[in-house]
There are 2 protein chains.
Amino acid sequence: MKYIEKLRNSGLRPTKQRLQICEVLFNTERTFHFTINELEQKIKDKIDNKISLATIYNTVHAFEKKGYLKQIPVNSNQTYFDTNITDHHHFYNLKDGKLIDLENSDVGPINIKRKIDGKKIKSIEVLVKLED
Amino acid sequence: MKYIEKLRNSGLRPTKQRLQICEVLFNTERTFHFTINELEQKIKDKIDNKISLATIYNTVHAFEKKGYLKQIPVNSNQTYFDTNITDHHHFYNLKDGKLIDLENSDVGPINIKRKIDGKKIKSIEVLVKLED
DNA sequence: TGACTAGTTTATAATGGTTCTAAATAGCTG
DNA sequence: CAGCTATTTAGAACCATTATAAACTAGTCA
């Protein structure tokens, strides 16, 4: 299995559950956005055995901490994640709560001119809200 | 009271509670960011009578709908609001969860080149996460 | 291979921000 | 003032997320 190495190299034990979640998250044609609930559903559809909700939360947070997932800042009661970890931005369709990737070429470079003493920039994220 | 007109013009009855919340939110030297909990505390400090939490939620949402407040997209378990309703962006200090305004001149113009059929852009928001 | 140990998984309970409910209250219009 | 509707309120309900603590498992070392 191709994810065993990846996990071990990150200091995460390659458990059956984590490997299965890797399949769902990363063994895809395209990257995608998801909430925990949507991921839970996807796992149910693709995996025979059950993975508990707590494990899904644990795993998603572990993967995020290792940089395999990104959280997307959106105002919603649910947390959105992205399997596309490259620097990029999002449209957020207010009507259905769906996100759409924006390529960097669609936005242009963003240059933050102001500095805050003792702090460094971890990320720059642009959210473009869409309405009808 | 200077907020009576403002409220009436928006179709909101100028109740005692709403006027008091207006004082806390808008009768200030500077604009500021807040969560509902922080606002609740501020109200307790400045107002003699009690305003119920439900009313605070109702009022904040009513004001947001009327455009007197903006929600700021941040990944947090709490919702952040801003009394500065002009177009501007934010630093988000991950350490303490505090927001800092970025002037538009600190960021430069953001030009979204991609269009989505049938949708128009409601807002463009940049969040710059800060770490140590 | 057989423990030993630390890391994981799991069901379930707990937490906490937010929303709902339904009854009491207060603006507004005539 | 009367009557109507909007608003306020305490408390319950909701629901995403986190904590708990017991069972399990991967990795290690003899």
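A note on names: the letters A, B, ... follow the listed sequences, proteins ahead of strands, and every chain is numbered from 1. We use all heavy atoms of the structure for the numbers below, so side chains are in, but hydrogens, waters and symmetry mates are not.
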Would Lys98(B) and Phe91(B) count as a cation-pi pair here, with the cationic atom under 6.0 angstrom from the ring centre and within 45° of the axis?
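The answer is no, since Lys98(B) fails at least one limit relative to Phe91(B).
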Would Lys42(A) and Phe32(A) count as a cation-pi pair here, with the cationic atom under 6.0 angstrom from the ring centre and within 45° of the axis?
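Judged by the rule, Lys42(A) and Phe32(A) form a cation-pi pair.
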Say whether, by atom type as modelled, one donor and one acceptor occur between the side chain of Tyr68(B) and the main chain of Cys22(B) under 3.5 angstrom.
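A pair under 3.5 Å: no.
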Is there a donor-acceptor pair under 3.5 Å between the side chain of Thr55(A) and the backbone N or O of Ile51(A)?
no
Show me the protein contacts with nucleotides 16-20 of chain C, counting only N or O atoms at under 3.5 Å.
residue	atom	partner	partner atom	Å
dT18(C)	OP1	Thr79(B)	N	2.9
dT18(C)	OP1	Thr79(B)	OG1	2.7
dT18(C)	OP2	Tyr57(B)	OH	2.7
dT18(C)	O5'	Tyr57(B)	OH	3.2

What is the distance, to the nearest angstrom, from the [atom1] atom on [X] to the [atom2] atom on [N]?
| X | N | atom1 | atom2 | value |
| --- | --- | --- | --- | --- |
| Ile4(B) | dA26(C) | CD1 | P | 17 Å |
| Glu64(A) | dT18(D) | CD | P | 10 Å |
| Lys65(A) | dT18(D) | NZ | P | 11 Å |
| Ile56(B) | dT7(D) | CD1 | C1' | 15 Å |
| Lys16(A) | dA26(D) | NZ | P | 9 Å |
| Asn58(A) | dA19(D) | CG | C1' | 10 Å |
| Gln20(B) | dT7(D) | CD | P | 16 Å |
| Asn49(B) | dT8(D) | CG | P | 12 Å |

Is the closest side-chain donor-acceptor distance between Lys2(A) and Asn27(A) under 3.5 Å?
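Looking only at side-chain atoms, Asn27(A) and Lys2(A) do form a donor-acceptor pair, the distance falling under 3.5 Å.
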Do you see a donor-acceptor pair shorter than 3.5 Å between the side chains of Gln20(A) and Asn49(A)?
yes
Using a 4.5 Å cut-off on heavy atoms from C-beta on, say whether the side chain of Asn37(B) contacts that of Glu40(B).
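Result yes, sub-4.5 Å side-chain heavy-atom pair found.
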Protein-nucleotides 1-5 of chain D N/O pairs under 3.5 Å:
residue	atom	partner	partner atom	Å
dT5(D)	O2	Arg13(B)	NH1	3.4

Less than 4.0 angstrom between a side-chain N/O of Arg18(A) and OP1 or OP2 of dG7(C), yes or no?
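Looking at the OP1 and OP2 atoms of dG7(C), neither is under 4.0 Å from any side-chain N or O of Arg18(A).
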So, is Gln17(B) near the phosphate of dT25(C), with a side-chain N or O under 4.0 Å from OP1 or OP2?
no
Residue met sooner reading DNA chain C from 5', once Ser52(A) and Leu12(B) are mapped to nucleotides:
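Nearer the 5' end of the strand: Ser52(A).
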Does Thr15(B) reach a base, just sugar-phosphate, or nothing at all? Heavy atoms under 4.0 Å.
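Result for Thr15(B) = sugar-phosphate.
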Determine the interplanar angle of the Tyr57(A) and His61(A) rings, folded into 0 to 90°, and report it as parallel if under 30°, tilted if 30 to 60°, perpendicular if over 60°.
tilted
Looking at Asn84(B), Thr83(B), Asp101(B), which hits side chain to side chain donor-acceptor pair (under 3.5 Å) with His33(B)?
Asp101(B)
Does Gly11(B) or Pro14(A) map to a spot on DNA chain D nearer the 5' end, using the closest nucleotide for each?
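Residue closer to the 5' terminus by nearest nucleotide: Gly11(B).
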